[in-house]
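These notes are about the structure you will find just below.
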Amino acid sequence: MKRIFSGIKPTGHLTLGNYLGALRRWVEVDQHRADALFSVVDLHALTVEHDPARVRRLSRQAAALMLAAGLDPERCTVFVQSHVDAHTRLSYLLECTATDGELRRMIQYKEKGTRARAAGQSVRLSLLTYPVLMAADILAHGTDEVPVGEDQTQHVELTRDLALRFNQRYGHVFTVPRATHPPVAARVMDLQDPTSKMGKSHEPGNGIVYLLDDPDTTRKKVMRAVTDSGSEVRYDREESPGVTNLLEILAACSGGDPAELAGAYRSYGDLKRDTADAVVELLRPVRERHAELASDGGGYVDEVLRAGAERASALARPRVDAAYAAVGLLPAG
Ligand code: AQP
């Protein structure tokens with residue numbers, strides 16, 4: 001059976017981008033067709049300045065939202081990355097496989113590093129090395145497929161390179177994984193700045209729809225979305241990024257094709273109204289189930305995470321032990 005791994009980092013409240021780019025497919029497709037593991041990758045949230053209480057709160061919230069969205073612990077494994085030591089244990093071996101040059105080429109390192117320096121902050125070493133930890137998250141579980149939004153493509157490519165290099169040097173230990181993306185909305189853009197990705201760690205504003213926004217707030221954000229200077233509804237990311245983003249969101253919500261949908265609209269107002277309705281209806285059950293889960297004080301979520309960590313640890317340990325042996329380290333005991 002195919003193995004699937006993917007994760008969400010608790011750097012902010014989950015957004016419509018996380019839902020359309022990743023979580024929804026995990027729920028609707030991936031957990032039904034493979035042995036799937038989904039993780040709150042909390043260690044990745046420590047690569048930039050963070051508030052410990054907030055990371056703790058957001059980790060619980062992310063796990064609750066993953067379950068509220070429909071991940072079923074009877075079908076898949078849901079766990080918190082830091083509960084499974086195999087990830088950091090393997091990460092070091094992969095740091096001994098990766099090169100300084102290839103990590104410095106990572107787009108997210110360049111962008112976030114530049115932003116931190118511009119704000120007068122120091123850049124944590126982990127911002128440079130975390131793609132290696134991400135590779136360890138994936139490789140420790142013998143993953144075949146990594147369902148992610150488009151922004152993670154470069155990191156999955158690095159993971160493939162490291163797996164191939166390690167196997168070539170030390171013998172076959174790792175499955176070489178590949179990234180998969182949703183057919184539409186693989187990169188949901190900020191509604192106020194449709195040339196930038198909608199990101200949960202970005203400054204909150206009207207451009208970001210959070211899964212837990214109430215319906216009125218969601219509707220207002222979509223109705224205020226920046227469109228383009230013309231008036232024609234066109235599906236063209238270069239020339240018409242705002243409208244194209246709305247078409248992709250509507251297509252993802254309604255199961256349609258964004259280019260065909262463009263032909264059905266005469267005005268931006270109608271497009272915004274239908275998109276707002278579709279998003280509100282798509283997110284309604286997630287918000288409702290999240291409220292139910294929150295009302296039991298988090299006991300169910302904690303139990304799912306405990307069992308998930310136990311299973312993920314058992315799954316990863318033999319492969320990570322094999323990697324330790326392959327590079328020439330003496331077995332303990
Ligand atoms: N806008 C998006 N459109 C489509 N997919 C997206 N994803 C994130 N944003 C979009 C996908 O969601 C999964 C989890 O994302 P993440 O936690 O790794 O990153 P984030 O939500 O983008 O959070 P940050 O902290 O704001 O990240 P940076 O600053 O690194 O962009 C992934 O599969 C991701 O592709």
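Indexing begins at 1, ligand by ligand and atom by atom, following the structure's order. Keep in mind that the numbers below use all heavy atoms, side chains included, and drop hydrogens, waters and symmetry copies.
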* Residue pairs fulfilling side chain to side chain donor-acceptor pair (under 3.5 Å) with at least one residue in residues 110-119, sequence neighbours excluded -> none
* Asked: Where is the tightest heavy-atom contact between Y210 and H13, given as atom of each residue plus distance?
  -> CD2-O, 3.4 Å
* For R25, enumerate each residue passing the salt bridge (Lys or Arg N to Asp or Glu O under 4.0 Å) test, keeping only those at least two apart in sequence or located in another chain. => none
* Asked: Around ligand 1, what residues show up once you keep those with a heavy atom under 4.0 Å from it?
  -> G7, I8, K9, T11, G17, N18, G21, A22, Q108, K112, V148, G149, D151, Q152, A185, A186, R187, V188, K197, M198, G199, K200, S201
* Asked: Say you draw a straight line from CG of L282 to OG of S254; how long is it, rounded to the nearest 0.5 Å?
  -> 10.0 Å
* Using the test ring-ring contact (aromatic ring centres under 6.0 Å, His included), find all partners of Y109 that sit at least two apart in sequence or belong to another chain. => none
* Kindly indicate, with the supporting measurements, whether the criterion side-chain hydrogen bond (donor to acceptor under 3.5 Å, both in side chains) is fulfilled by S59 and D42. => CA-CA 7 Å; S59 296; D42 52 352; 4.8 Å; no
